[in-house]
There are 2 protein chains.
Amino acid sequence: MAYPTAVQSLIDAFRLFPGIGAVTAERLAFHVLRDGRARDLARAIDRAVKEARRCQVCGNVSEADPCRLCSDESRDRSLLAVVEEPRHVEALENAGVYRGSYHVLMGALNPADGTEASHLGLESLLGRLKSGIVEEVILATDPDAEGEATAQLVLEAIETLGDSAPRVSRLARGLPAGGAIEYLHKGILEDALNGRRELRLRPGRSGG
Amino acid sequence: MAYPTAVQSLIDAFRLFPGIGAVTAERLAFHVLRDGRARDLARAIDRAVKEARRCQVCGNVSEADPCRLCSDESRDRSLLAVVEEPRHVEALENAGVYRGSYHVLMGALNPADGTEASHLGLESLLGRLKSGIVEEVILATDPDAEGEATAQLVLEAIETLGDSAPRVSRLARGLPAGGAIEYLHKGILEDALNGRRELRLRPGRSGG
């Protein structure tokens, strides 16, 4: 007994999202059929796609473009922290220990849940680096498997820049492995920024 | 740093779905912003709401209304199995051990994940029972916590019918507790149907 086409299409559409498996996709689709408020999601998606701005410089979600941080002349633009998500920017800003600029990937590499390299907008990061203003990229991804894989991916992409590549560092493993940046206190974030270590580039290696 | 309104609205819309917490809702919303295919979900929701039929008799998703099973004159309409989901109908049909009719709740009671009694369409079930054709309701929900809570909810709703209530039975606990109906083999389903036990009604008790 197959589902009607429209129901199967809805299940398939949910399955395209990271972390949504077959059983969860069915449960979400059935919820659409039984709860009228679920239609709000269709409206919210359309509105977000139309209205939600992402800063064309750093990729963060933002009311303005460029965003407040990218427009702030007092930030140190020679320093660029690459983070996974907007709340990681928030965590570093709230800690008050970083005055450089950001690049927000909007996710971490996780093929198992459907987040692939192509989702992370690395071309836009490389475009920024080609301007030559950035002297050091700090890989500030989470200290977990996805964050490490993402850091490696970004490192390999930067290596394709060859001699024009900036220095690349990784936040020190003062971060507790397996944790999540937004839950750490200021002291840990400060230690991690101060203890960052430079990575050895292999210029010309093809990126991943 | 709050999210732009359209992004926050999108996160809020995802959170209305059962089993979607704050972190997952953010991850799904960010995916909409970074992957153009995510817009397909908005189209799929609109299409499913417009086109996907639910059988007005049994509540199952269906191409036709009434559905194939509800239109089948050879089914025993004195017997009504209440199941959680369409694939539970499929499992019982594939086992070939049941010839009665069905009522599909499209979910199980699970306040923690947002599925409430109001989602399960019990008024429609009671409407069917008031016709007097059904002599026995078989509570064929999963043998897990949500299924047991759902069975209890349906039992209490039927008790509000007083003297006109049909007999109510529950599938025998030949079903392995904690399991899920769609993964069981025919023998277990057959044992459970044959061993079903009648529940003692307390007519007039107010429903849950």
Side-chain angles (χ1 to χ4, degrees), chain A residues 1 3-7 9-14 16-20 23-24 26-54 59 61-63 68 85-87 89-90 93-94 105-107 113-115 118-121, chain B residues 1 3-7 9-14 16-20 23-24 26-54 59 61-63 68 85-87 89-90 93-94 105-107 113-115 119-121 180:
Chain A
M1 190 179 71
Y3 292 121
T5 312
V7 176
S9 299
L10 182 57
I11 294 170
D12 294 342
F14 273 117
L16 286 178
F17 279 72
I20 303 293
V23 172
T24 303
E26 281 198 3
R27 199 184 59 209
L28 297 173
F30 294 160
H31 186 73
V32 169
L33 299 178
R34 76 188 183 202
D35 187 341
R37 290 181 306 167
R39 307 177 73 159
D40 294 349
L41 179 59
R43 299 291 74 69
I45 289 172
D46 285 338
R47 186 176 162 202
V49 168
K50 199 160 62 178
E51 293 181 19
R53 290 213 176 107
R54 291 184 65 183
V61 294
S62 170
E63 299 278 5
R68 186 176 55 79
E85 301 194 351
R87 57 206 154 110
V89 173
E90 194 174 356
E93 287 300 295
N94 287 344
L105 300 172
M106 295 295 272
D113 88 359
T115 300
S118 62
H119 289 129
L120 302 179
Chain B
M1 189 178 72
Y3 292 123
T5 312
V7 176
S9 299
L10 182 58
I11 293 169
D12 294 343
F14 273 117
L16 286 178
F17 280 71
I20 303 292
V23 171
T24 303
E26 282 197 3
R27 199 185 57 207
L28 297 173
F30 293 161
H31 186 73
V32 169
L33 299 179
R34 75 189 183 199
D35 188 340
R37 293 181 305 168
R39 307 177 73 159
D40 295 348
L41 179 59
R43 300 290 75 70
I45 289 172
D46 286 337
R47 185 177 162 200
V49 168
K50 200 160 63 180
E51 294 180 20
R53 290 213 177 105
R54 289 184 65 183
V61 293
S62 170
E63 299 278 6
R68 186 176 55 78
E85 299 195 353
R87 58 206 154 110
V89 173
E90 194 174 355
E93 287 300 295
N94 288 344
L105 301 172
M106 295 293 274
D113 88 0
T115 301
H119 289 129
L120 301 179

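Letters A, B, ... are given to chains in the order of the sequence lines, protein chains preceding strands, and every chain is numbered from 1.
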Does the ring center of B:F17 lie less than 6.0 Å from the ring center of A:F30?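 Between B:F17 and A:F30, the centre distance exceeds or equals 6.0 Å.
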Name the option with the most non-hydrogen atom pairs under 4.5 Å to chain A; the candidates are B:A13, B:A42, B:G59.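 Looking at each option in turn, the highest pair count goes to B:A42.
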Best-contacting candidate, B:L120, B:T24, B:D35, B:I11, against chain A by heavy atom pairs under 4.5 angstrom: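 Maximum pair count with chain A is reached by B:D35.
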For a quick test of reading the model, state the closest non-hydrogen atom pair linking A:G107 to B:R34 and the distance between them.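 Closest pair (atom of A:G107, atom of B:R34, distance): CA-NH1, 3.4 Å.
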To check you understand the geometry: which heavy-atom pair defines the closest contact between B:Y3 and A:P86, and what is its length?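 It is CE2-CB, 3.6 Å.
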For B:R54, which atoms come within 4.5 Å of any heavy atom of chain A: side chain, backbone, both, or neither?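 Answer is side chain: those atoms of B:R54 sit under 4.5 Å from chain A.
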Which atoms of B:S9 approach chain A - backbone, side chain, both or neither, heavy atom under 4.5 Å: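 For B:S9, heavy atoms of backbone and side chain both lie under 4.5 Å from chain A.
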Heavy-atom proximity to chain B below 4.5 Å, by part of A:T115: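 Backbone plus side chain of A:T115, per the 4.5 Å heavy-atom cut-off to chain B.
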Side chain, backbone, both or neither: which part of A:R39 has a non-hydrogen atom closer than 4.5 Å to chain B?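 The answer is both parts of A:R39.
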Find the one option among A:R27, A:K50, A:E51 whose heavy-atom pairs under 4.5 Å with chain B are most numerous.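 With the most close heavy-atom pairs to chain B, the winner is A:R27.
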What option among A:V32, A:V49, A:V7 has the most heavy-atom pairs under 4.5 Å with chain B?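 Heavy-atom pair counts peak at A:V49.
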Check whether more than 12 heavy atoms from other residues, nucleotides or ligands sit under 6.0 Å from atom CZ of B:R53, and answer yes or no.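 Count not over threshold, so no.
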Can we say B:E26 and A:R87 salt-bridge, meaning some charged N sits less than 4.0 Å from an Asp/Glu carboxylate O?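 Yes, this pair counts.
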Any salt bridge between A:R37 and A:D40, counting N to O under 4.0 Å?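 Between A:D40 and A:R37 there is no salt bridge, as every charged N stays at least 4.0 Å from the carboxylate O atoms.
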